[in-house]
Structure formats: structure tokens, C-alpha cells
Amino acid sequence: AQLEDAGRTCSAVCDAKAVRMPSVLPTCLRLSMLRSPADSAVTRRAPAAHVPLFLYPFLNTMSKTRPFEYLRLTSLGVIGALVKVDDTDVINFLLSTEIIPLCLRTMEMGSELSKTVATFIVQKILLDDVGLNYICATAER
């Protein structure tokens, strides 16, 4: 139920022309609840439930306003918690959903903290053999 609420809030917030902090804070709090400990069953099931897909609109925005930066950073934190697990299935899922371009965009235009978390995500992907092979095969795709 909380995930569905976060998804509805995600659509409402990302479509809003004037995003305000009061509408963003509850969304960030809900998203933060997804950052369960790495050994949690919730974290292990997140890719199978396609939880990261609910976060991608927040990563895809080009807005540099504080509300969107909070949403971006919170979303990156959830994905960062997933890659901390060092699970090839998680890496495969994230690669299949094109997380790399979203992280690269964040590394170009996000805040320093968002850039750091996006860099951490890319680093964890590169440290996995599947992720390294994916990145090195770019010319073949």
C-alpha cells in the first residue's frame, strides 16, 4: 500500500508545474522507507517487484530546484541500497531498466551529494562482472 501511495505521489509530483516542499517531503519519507537494511527480504524482493521503476521519473527530471533535488537524492539512496547487496540479479535488473543513463545525467547536473551517490551506483555496477561486461559491450549494442 505504501509503495502504491509513493507511485501515485510520484506521478502527481513529477507532473506538477510548481513543485513545493510540502508536497515533496511526504514522498521523500515514503521513499526512504524503501531503504531497508541490505539483508532485508524487502530489499531482496525490490527488483522482482520493479520498485526502482517508480523512482526513475525522479531521476529523469532536468529540474535543479531543491524539491526535485530532494526527490532525486532520495531515489538514488534507495537504488544505492539495492546495489550495496552485491547481487548479480539486482545488477541485471538495473541494467535492463537503463539505470546507467539516469546516473550519468545525475552525475552531470545533480547536486554534489547526488553526483556522489550516482557515482557510487555506477561503481558498484562496474565492480560486478555482468555490469562491467555490459558497459564494455556498449559498441556492440
Side-chain angles (χ1 to χ4, degrees), residues 2-141:
Q2 292 172 350
L3 181 59
E4 290 173 6
D5 290 343
R8 279 193 293 275
T9 306
C10 167
S11 297
V13 170
C14 288
D15 292 340
K17 293 185 193 246
V19 176
R20 301 179 201 284
M21 287 306 292
S23 65
V24 170
L25 293 177
T27 303
C28 288
L29 290 173
R30 288 180 179 137
L31 292 174
S32 292
M33 291 171 39
L34 297 173
R35 294 181 61 190
S36 55
D39 59 351
S40 159
V42 173
T43 301
R44 288 193 300 269
R45 287 191 309 253
H50 297 262
V51 170
L53 296 178
F54 288 99
L55 308 175
Y56 287 7
F58 299 135
L59 300 179
N60 203 27
T61 181
M62 295 299 287
S63 176
K64 292 184 178 186
T65 63
R66 181 179 287 175
F68 277 111
E69 186 54 38
Y70 285 164
L71 290 168
R72 184 176 9 263
L73 185 56
T74 304
S75 299
L76 287 166
V78 172
I79 295 169
L82 289 173
V83 298
K84 272 181 161 178
V85 176
D86 290 328
D87 183 350
T88 300
D89 290 337
V90 170
I91 301 298
N92 274 323
F93 173 78
L94 292 173
L95 291 173
S96 73
T97 60
E98 297 294 322
I99 187 65
I100 298 293
L102 294 172
C103 285
L104 292 176
R105 175 180 293 164
T106 300
M107 290 163 66
E108 286 179 14
M109 51 80 57
S111 69
E112 286 303 311
L113 192 51
S114 289
K115 289 177 181 182
T116 302
V117 178
T119 303
F120 170 77
I121 293 167
V122 172
Q123 177 188 15
K124 293 298 280 184
I125 290 171
L126 288 171
L127 289 172
D128 187 274
D129 289 339
V130 171
L132 183 60
N133 289 334
Y134 178 89
I135 298 294
C136 291
T138 300
E140 297 171 14
R141 279 184 276 136

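Only heavy atoms go into these numbers, but all of them, side chains included; no hydrogens, no water, no symmetry mates. Everything numeric here is computed off the predicted structure, so don't read it as measured data.
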Looking only at heavy atoms, which two atoms of Cys103 and Val122 are closest? And how far apart? CB-CG2, 3.6 Å
d(Glu98 CD, Leu53 CG) to nearest 0.5 Å is 11.5 Å
When rounded to the nearest 0.5 Å, the distance separating CD1 of Ile121 from CG of Leu126 is 12.0 Å
Taking only residues two or more places apart in sequence, or in another chain, which ones meet Thr119 in a side-chain hydrogen bond (donor to acceptor under 3.5 Å, both in side chains)? none
So does Asn60 get a backbone contact from the side chain of Arg105, meaning a donor-acceptor N/O pair under 3.5 Å? yes
Just verifying a value: how many Å separate Leu95 CG and Tyr134 OH, rounded to the nearest 0.5 Å? 5.5 Å
State the NZ-CE distance between Lys64 and Met109, to the nearest 0.5 angstrom. 5.5 Å
For the residue pair Val117 and Gly77, what are the closest heavy atoms and their distance? CG1-N, 4.2 Å
Here the gap from Asp128 atom CG to Gln123 atom CD, rounded to the nearest 0.5 Å, amounts to 12.5 Å
Look up atom CG in Leu132 and atom CG in Leu127, then write down how far apart they are to the nearest 0.5 Å. 9.0 Å
Do Phe120 and Lys84 have side chains that approach each other closer than 4.5 Å (heavy atoms only, starting at C-beta)? yes
From the list Val78, Ile99, Leu94, side-chain contact (heavy atoms from CB on, under 4.5 Å) with Pro52 holds only for Leu94
Check: Phe93 main-chain N/O paired with Ser96 side-chain donor or acceptor under 3.5 Å: yes
Strictly distance-based, threshold 3.5 Å: is any side-chain N or O of Arg72 a donor or acceptor partner for the main-chain N or O of Ser111? no
Restricting to non-hydrogen atoms, name the atom on Leu59 and the atom on Ser75 that form the minimum distance, rounded to 0.1 Å. CD2-CB, 4.0 Å
Apply side-chain contact (heavy atoms from CB on, under 4.5 Å) to the pair Phe58 and Leu102, showing each step before the final yes or no. CA-CA 10 Å; Phe58 299 135; Leu102 294 172; over 6 Å; no
Heavy-atom pair with the smallest gap, counting every atom of Gly110 and Glu69: CA-OE1, 4.0 Å
What do the steps show when you test Thr61 against Leu71 for side-chain contact (heavy atoms from CB on, under 4.5 Å), and what is the final call? CA-CA 10 Å; Thr61 181; Leu71 290 168; over 6 Å; no
